[in-house]
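Data block below; observations after.
Numbered from 1 within each chain, the chains take letters A, B, ... in sequence-line order. This structure is a prediction, so every number in the text was calculated from the model and none was measured.
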Amino acid sequence: MTLRIFNSLTRRKDDFVPLDPDGRRVSFYNCGPTVYGPFHIGNARNFVVVDVMRRWLEHLGYTVHFVQNITDVDDKIIARAAEEGIPPGQLAEKYTKLFFEHIALLGVRPADEHPRATQYVEPMIALVERLIAGGHAYASEDGSVWFEVRSFADYGKLSRKNIDEMRQGERVDEEQQRLKRNALDFCLWKAAKPGEPAWDSPWGKGRPGWHLECSCMAMKCHHAETIDIHSGGVDLQFPHHENEIAQSEAATGRPFARYWIHNGFLNIDGEKMSKSLGNFKTIDALLALYDALTLRHFLVSASYRRELDFTQENLEAARKATRRYAEARREAARVLGAEPAADAWKHSARARELEARFAEAMNDDFNTAQALASLFDLVTDLNTVRTAVERGAGDRGELEALAALLDLFRGILGTTANLEPAEEAGLSDISGQLVELLIDVRAKARRAKMFELADDIRNRLSGMGIVLEDSPAGTKWKRGG
RNA sequence: GGUGCGGUACCCAAGUGGCCCAAGGGGGAGGUCUGCAAAACCUCUAUUCGCCGGUUCAAAUCCGGCCCGCACCUCCA
């Protein structure tokens with residue numbers, strides 16, 4: 001069973017075979033954030049789905065070298081810094097820090113490397129010189145350097161755009177048009193205006209163009225001119241990734257990336273979420289409404305290529321779905337008393353069957369939506385076996401196996417217990433003790449068949465957000481409901 | 001104008017030639033358990049996959065036409 005990846009370059013699901021002769025090492029590059037503000041849940045979708053892909057590749061036994069850049073110098077950063085009255089570098093630093101904090105809240109692991117554009121200016125300049133030497137780029141009178149699109153025959157191969165059919169001249173900067181030979185030519189090196197962050201270059205003071213960074217850092221960090229996987233949102237397909245291909249391949253004469261992965265947009269109430277539309281939701285704002293497990297589950301509940309609509313109803317459904325497996329796992333832990341061995345699932349035929357279904361789904365272009373079907377079937381079995389064990393009739397080994405398998409699935413999707421809301425938290429020690437006291441009083445009332453009193457206690461606690469659940473083993477309580 | 005994506009039950013969402021009278025989640029209905037609830041479990045909730053034709057022994061899946069919605073061609077994950 002091999003992994004198949006939908007490759008934007010071929011528009012097919014291609015078998016995944018890494019370039020590494022041993023077939024073990026995988027070079028993976030994801031376009032990271034431009035740190036001019038906090039990222040939003042739409043950006044988070046990319047970070048999360050790519051995190052899941054990375055985890056799956058590792059699960060399959062690959063050694064993944066995962067690189068995600070941080071664009072810490074760019075027009076928007078400069079503009080925003082001016083608004084806030086602080087140096088651009090300081091603004092970038094602030095939001096870089098916030099980026100790491102926010103991905104951590106969503107359970108997204110940091111990349112193996114997070115190169116920053118400002119640390120790679122030297123090799124970027126070298127790349128520009130190489131392109132000029134090869135006749136693919138030219139400097140304009142202001143000290144900027146442009147990539148000459150018509151010099152690269154394959155231009156448009158990723159986004160299937162034909163240079164002649166594009167709406168040339170529409171919405172273009174007039175000043176830039178004057179400097180460029182062709183409207184589609186894009187900036188490799190941008191001449192600095194006074195006061196802007198700038199580096200010395202053969203063309204004068206300036207800063208690297210956005211597209212250039214990714215080409216340069218992808219090749220540098222992977223020590224290769226061809227990498228295995230390159231990913232980003234669909235909106236980056238054109239022009240960003242198209243331009244990356246053009247400048248990289250024009251320079252090296254080799255394929256730049258072998259598998260191009262593009263995730264679909266996250267809409268909000270049916271409309272595209274974006275920073276420019278201003279309808280975005282940041283992670284900290286969202287975490288006040290939904291727990292991290294819910295957000296992450298929601299983001300993996302549909303296949304990554306599809307559009308996903310962020311609505312209150314959808315999030316509420318996701319929240320309930322996560323409670324289903326979180327609760328099941330907690331109950332299993334309670335009954336088991338000890339953590340199962342990580343590979344305990346291998347001892348159960350049923351678990352192996354569920355694992356095979358999960359793997360089949362994930363190998364089919366990271367189909368997390370379908371993988372979840374296997375996860376939920378597992379949850380049903382887990383609950384059934386757990387109930388049986390509680391009644392002294394079930395197979396403990398089976399319970400351990402299923403619990404271990406649930407951990408495995410959640411580990412791959414990243415919908416792990418550490419993202420769960422702390423349901424029993426939020427009450428001070430004394431309040432918790434008072435709840436216990438009321439439960440004891442109620443138990444006595446029930447034994448005395450004083451059901452009216454018992455129900456009154458339960459109802460009033462429920463009114464305070466404390467839910468009681470009776471079972472043969474005693475009464476449990478939790479917050480919410 | 002060009003290039004793509006999508007339309008599957010009340011909602012979300014897999015499935016892209018026979019395993020599909022269509023997975024899974026949410027919601028709803030009934031049941032088991034329970035003093036009653038809750039939770040859990042069981043059953044039911046699309047003979048049908050935007051519409052119309054066609055190909056095929058066989059189509060949600062392929063082809064053609066049409067109707068809707070969305071994105072990209074400009075910074076954007």
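Contact of A:Arg45 with B:A77 (side chain to base): no donor-acceptor pair of N or O atoms is detected under 3.5 Å. Taking only distance into account, the side chain of A:Arg306 never meets the base of B:C5 through a donor-acceptor pair shorter than 3.5 Å.
At B:G4, none of the side-chain N or O atoms of A:Arg11 fall inside 4.0 Å of OP1 or OP2 (strictly under the cut-off). For the OP1/OP2 pair of B:A77 and a distance below 4.0 Å, the side-chain nitrogens and oxygens of A:Asn43 include at least one atom meeting the criterion.
Across all strands, A:Thr311 comes closer than 4.0 Å to no nucleic acid atom at all (heavy-atom distances). A:His40 comes within 4.0 angstrom of a base, heavy atoms only. Counting non-hydrogen atoms under 4.0 angstrom, A:Arg442 reaches a base of the nucleic acid. Counting any heavy atom pair closer than 4.0 Å across all strands shown, A:Gly264 reaches a base atom. Within the nucleic acid shown, A:Asp470 comes within 4.0 Å of at least one base atom, counting heavy atoms only. When heavy atoms are screened at a 4.0 angstrom cut-off, A:Asn367 is found touching the sugar-phosphate backbone but no base atom. Among the heavy atoms of the strands lying under 4.0 Å from A:Asn314 are primed sugar atoms or P, OP1, OP2 only; no base atom is included. Residue A:Lys272 is in base contact, counting any heavy-atom pair closer than 4.0 Å across all strands shown. A:Leu468 comes within 4.0 angstrom of a base, heavy atoms only. Within the nucleic acid shown, A:Ala369 comes within 4.0 Å of at least one base atom, counting heavy atoms only. A:Phe376 comes within 4.0 angstrom of the backbone, heavy atoms only, and of no base. Across all strands shown, A:Ser159 has heavy atoms under 4.0 Å from sugar-phosphate atoms exclusively, and none from any base. Among the atoms of the strands shown, base atoms are found under 4.0 Å from some heavy atom of A:Gly42. No engagement by A:Glu313 is indicated, since no non-hydrogen atom pair under 4.0 Å with the nucleic acid exists.
Note that CG of A:Leu399 and CG of A:Asp381 are 11.5 Å apart. Values are rounded to the nearest 0.5 Å.
Between B:G1 and B:A9, the two P atoms lie 31 Å apart (nearest whole Å). Nucleotides B:G27 and B:C63 are separated by 38 Å at their C1' atoms, to the nearest Å. If you take atom C1' in B:C49 and the same atom in B:C20, they sit 10 Å apart, rounded to whole Å. Here, B:C75 and B:G69 have their P atoms 28 Å apart, quoted to the whole Å. Rounded to whole Å, the C1' atom of B:C67 lies 31 Å from the corresponding atom of B:C76. Between the P atoms of B:C68 and B:A22, the separation comes to 31 Å (whole Å). Of the P atoms belonging to B:G64 and B:C70, the separation is 25 Å, rounded to the nearest Å. Taking atom C1' on both nucleotides, B:C41 is separated from B:A46 by 25 Å, rounded to a whole Å.
Under the rule for a side-chain contact (heavy atoms from CB on, under 4.5 Å), the partners of A:Asp269 that lie at least two apart in sequence or sit in another chain are A:Thr311.
Atom-to-atom, CG of A:Asp309 to C1' of B:A71 comes out at 14 Å; the value is rounded to the nearest Å. Atom pair A:Glu360:CD and B:G15:C1' shows a separation of 12 Å (rounding to whole Å applied). To the nearest angstrom, P of B:G6 lies 16 Å from NE2 of A:His262. A:Phe39 places its CZ atom 19 Å from the C1' atom of B:C75, with the value rounded to the nearest Å. Atom CG of A:Leu184 is separated from atom C1' of B:U74 by 12 Å (rounded to the nearest Å). Protein atom CG of A:Asp74 is 8 Å distant from nucleotide atom P of B:C76, rounded to whole Å. A straight line from CD of A:Gln370 to C1' of B:C19 spans 13 Å, rounded to a whole angstrom. If you measure from atom CD of A:Glu242 to atom C1' of B:C76, you get 17 Å, rounded to the nearest angstrom.
When only modelled atom types and interatomic distance are considered, A:Arg296 and A:Ser301 share no side-chain donor-acceptor pair under 3.5 Å. A:His297 and A:Tyr325 share a side-chain donor-acceptor pair at under 3.5 Å.
For A:Lys76, counting side-chain heavy atoms from C-beta on, the closest listed nucleotide (B:G4, B:C75, B:C36) is B:C75. Closest approach to the A:Asp364 side chain among B:G26, B:C36, B:G15 is made by B:G15 (side chain taken as heavy atoms from C-beta onward). Checked against B:A39, B:C33, B:C72, the side chain of A:Lys161 finds its nearest nucleotide in B:C72.
Here A:Arg4 pairs with A:Asp364 in a salt bridge; the nearest charged N to carboxylate O distance falls below 4.0 Å. In this structure, A:Arg150 does not pair ionically with A:Asp185, as no charged nitrogen and carboxylate oxygen lie closer than 4.0 Å. At a threshold of 4.0 Å, the pair A:Arg54-A:Asp112 counts as salt-bridged, since one of the basic side-chain nitrogens sits closer than that to a carboxylate oxygen. Residues A:Arg207 and A:Asp75 are paired through a salt bridge, judged by an N-O separation under 4.0 Å between the basic side chain and the carboxylate.
Between A:Leu158 and A:Trp260 the shortest side-chain heavy-atom distance falls below 4.5 Å.
Where A:Asn267 and A:Arg458 each meet RNA chain B at their nearest nucleotide, the meeting point lying more 5' is that of A:Arg458. Mapping A:Phe6 and A:Ala302 onto RNA chain B by nearest heavy atom places A:Phe6 at the nucleotide closer to the 5' end.
Here the options are A:Thr368, A:Ile412, A:Leu372, the test is side chain to side chain contact (heavy atoms under 4.5 Å, CB included), and the partner is A:Phe358; only A:Ile412 passes. If you run ring-ring contact (aromatic ring centres under 6.0 Å, His included) between A:His211 and each of A:Phe186, A:Trp189, A:Phe256, only A:Phe186 comes through.
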What string of B, S and - do you get for nucleotides 40-45 of chain B, 5' to 3', when a contact is any protein heavy atom under 4.0 Å?
SSS---
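Put simply, A:Phe451 rests on the base of B:G35: the two rings are less than 5.5 Å apart at their centres and nearly parallel, under 30°.
Ring-centre distance between A:Tyr95 and A:Tyr36: not below the 6.0 Å cut-off. Checked against the 6.0 Å centroid criterion, the rings of A:His102 and A:Phe39 qualify as a close aromatic pair.
For RNA chain B, each stem of at least three Watson-Crick or G-U pairs (distances under 3.5 Å) is given as range with range: B:1-7 with B:67-73, B:10-12 with B:24-26, B:27-32 with B:40-45, B:50-54 with B:62-66.
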